[in-house]
Amino acid sequence: MTDTDALPPGTDPDKASVARMYDAMLGGEHNFAIDREAVAAVTAIDPQVRTLARANRAFLGRAVRFLARSGVRQFIDLGSGIPTQGNVHEVAQAASPQARVVYVDKDPVAVAHSTTLLADNPYADIVDADIRRPADVLASPQVRKLIDFDQPVAVLMVAILHFVAPEENPAGIVAAFRDALPEGGWLALSHATNQDRPDTAAAVTQLYRSRATSPVTVRSHEEIQGLFTGFELTEPGLVHVPLWRPDENEDIPENPSEYWVYAGVGRKSG
Ligand SMILES: C[S@@+](CC[C@H](N)C(=O)[O-])C[C@H]1O[C@@H](n2cnc3c(N)ncnc32)[C@H](O)[C@@H]1O
């Protein structure tokens with residue numbers, strides 16, 4: 001996307017979009033100067049932030065492969081973002097060509113590019129919705145058409161709940177999706193934390209609050225673990241994002257605790 005392209009309707013020209021910022025961090029092309037400038041400001045606070053974004057994206061891929069190996073053929077990807085490398089339907093359908101994927105996002109650029117990408121895919125679709133209204137997502141025609149809640153389903157909340165403020169009840173949002181899942185359904189989640197690098201997290205939080213479309217709320221390990229209420233965490237539990245089932249031991253960086261995002265996968269229990 002060039003900066004002469006018109007911003008899609010519904011976008012605030014004075015704010016960096018959190019979806020487009022993440023796209024810029026991952027080296028994508030669907031972002032504007034205002035997004036890249038905000039990413040440059042985040043990078044000035046944490047020079048590792050692009051590596052952190054890539055590590056988060058890699059966790060998404062590993063989690064989907066793990067879930068596919070565990071027999072899951074249906075995924076609801078909440079806050080799915082602008083399509084880039086390793087999209088959930090590509091990973092899931094590589095394991096099982098008829099795997100169903102419903103993406104959900106409220107960013108106009110994310111929705112537009114997902115719609116184009118999925119036009120010819122009968123098993124994947126995108127819902128333009130706000131995850132803070134779970135009933136809208138669950139009642140959407142796309143979910144009703146593609147997801148059978150009598151079969152295993154995974155809900156993915158990867159780098160999304162830190163955009164939900166405490167007063168917006170993130171635990172209640174997770175609970176609404178959990179209650180829709182069958183026994184044995186899954187939750188994969190990653191979330192920014194203030195546990196290890198509180199100064200970095202505080203400075204980045206402040207920057208998002210002043211410049212981006214959604215403020216960020218970072219949470220402690222205990223608070224993020226609390227979001228798995230009603231789920232049993234699989235091994236290795238809630239860990240720094242590069243440490244969640246790395247493909248190769250060589251993939252583990254020397255400084256995993258500097259990656260200020262926790263990740264985990266849990267299974268709905270009784
Ligand atoms: C950092 S990106 C994560 C993308 C993808 N899940 C990943 O981890 O690679 C966060 C996405 O969540 C979306 N988002 C934030 N708040 C949302 C909300 N309340 N409802 C729907 N989407 C939301 C943003 O538009 C953005 O695309």
Side-chain angles (χ1 to χ4, degrees), residues 8 10-12 15-28 30-32 35 38-39 42 49-64 75-92 101-115 117 126-138 140 142-143 154-170 172-174 176-177 187-192 204-205 208-209 212-218 241-242 244 259-265:
T11 40
D12 182 343
K15 289 277 188 192
S17 138
V18 299
R20 299 187 322 248
M21 284 175 69
Y22 185 64
D23 178 67
M25 287 177 197
L26 292 174
H30 304 304
N31 50 77
F32 295 96
D35 310 309
V39 170
V42 179
V49 74
R50 288 168 195 270
T51 309
L52 180 56
R54 282 199 298 276
N56 178 72
R57 188 75 188 171
F59 160 71
L60 174 66
R62 294 197 304 277
V64 172
F75 299 83
I76 303 176
D77 185 7
L78 300 171
S80 45
I82 296 169
T84 177
Q85 303 222 323
N87 299 304
V88 169
H89 73 286
E90 293 159 356
V91 178
V101 178
V102 177
Y103 293 105
V104 181
D105 210 290
K106 69 180 179 68
D107 182 277
V109 172
V111 172
H113 285 286
S114 302
T115 303
L117 180 70
I126 168 92
V127 183
D128 180 358
D130 190 320
I131 70 136
R132 293 171 294 187
R133 290 194 293 276
D136 291 358
V137 175
L138 292 166
S140 66
Q142 296 90 327
V143 167
V155 169
L156 313 176
M157 293 186 160
V158 178
I160 167 83
L161 285 179
H162 46 236
F163 297 116
V164 177
E167 62 274 18
E168 294 170 333
N169 191 11
I173 294 170
V174 178
F177 287 102
L187 172 67
L189 184 151
S190 70
H191 195 301
V204 172
T205 302
Y208 271 76
R209 191 165 296 281
T213 46
S214 300
V216 166
T217 302
V218 285
V241 69
W244 196 87
Y259 289 62
W260 46 287
V261 168
Y262 282 117
V265 173

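Just follow the structure's listing: the first ligand is 1, and inside any ligand the first atom is 1.
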So, Lys15 and Asp12, do they make that salt bridge, N to O below 4.0 Å? no
Give the residue, atom name and distance (to 0.1 Å) of the protein heavy atom nearest [atom].
atom                    : value
atom 22 (N) of ligand 1 : Lys106 N, 3.5 Å
atom 21 (C) of ligand 1 : Ala129 O, 3.4 Å
atom 15 (C) of ligand 1 : Ile160 CD1, 3.5 Å
atom 19 (N) of ligand 1 : Asp130 OD1, 2.8 Å

Is it the case that over 12 heavy atoms from other parts of the model lie below 6.0 angstrom from the CD atom of Glu168? yes
Purely on distance, is any nitrogen or oxygen of [X] under 3.5 Å from one on ligand 1?
X      : result
Gly79  : yes
Val158 : yes
Tyr22  : yes
Ile131 : yes

Pair Ile126, Gln142 - check side chain to side chain contact (heavy atoms under 4.5 Å, CB included), show working. CA-CA 7 Å; Ile126 168 92; Gln142 296 90 327; over 6 Å; no
Numbering the atoms of ligand 1 from 1, which are under 4.0 Å from a heavy atom of Asp107? 25 (O)
If only atom types and distance count, is the side chain of Arg132 paired as donor or acceptor with the main-chain N or O of Val164 below 3.5 Å? no
Test item: Arg50 side-chain N/O and Val39 main-chain N/O as donor-acceptor pair under 3.5 Å: no
Applying a heavy-atom cut-off of 4.0 Å, say which part of [X] lies close to ligand 1: side chain, backbone, both or neither.
X      : value
Ser190 : neither
Ser80  : backbone
Ala19  : both
Asp105 : both
Asn56  : side chain

Pick whichever of Gly81, Ala159, Ser17 has a heavy atom sitting closest to atom 10 (C) of ligand 1. Ala159
Is there a side chain to side chain contact (heavy atoms under 4.5 Å, CB included) between Val204 and Val218? Walk through the geometry before answering. CA-CA 10 Å; Val204 172; Val218 285; over 6 Å; no
For residues Asn56 and Tyr22, is any side-chain donor paired with an opposing acceptor at under 3.5 Å? yes
May I ask you to decide if the ring planes of Tyr208 and Phe163 are parallel, tilted or perpendicular, using 30° and 60° as cut-offs? tilted
Stepwise, does the side chain to side chain contact (heavy atoms under 4.5 Å, CB included) test hold for Phe59 with Val265? CA-CA 10 Å; Phe59 160 71; Val265 173; 4.2 Å; yes
Yes or no on side chain to side chain contact (heavy atoms under 4.5 Å, CB included) for Ile131 and Leu161, after CA distance, side-chain angles and deciding distance? CA-CA 9 Å; Ile131 70 136; Leu161 285 179; 4.1 Å; yes
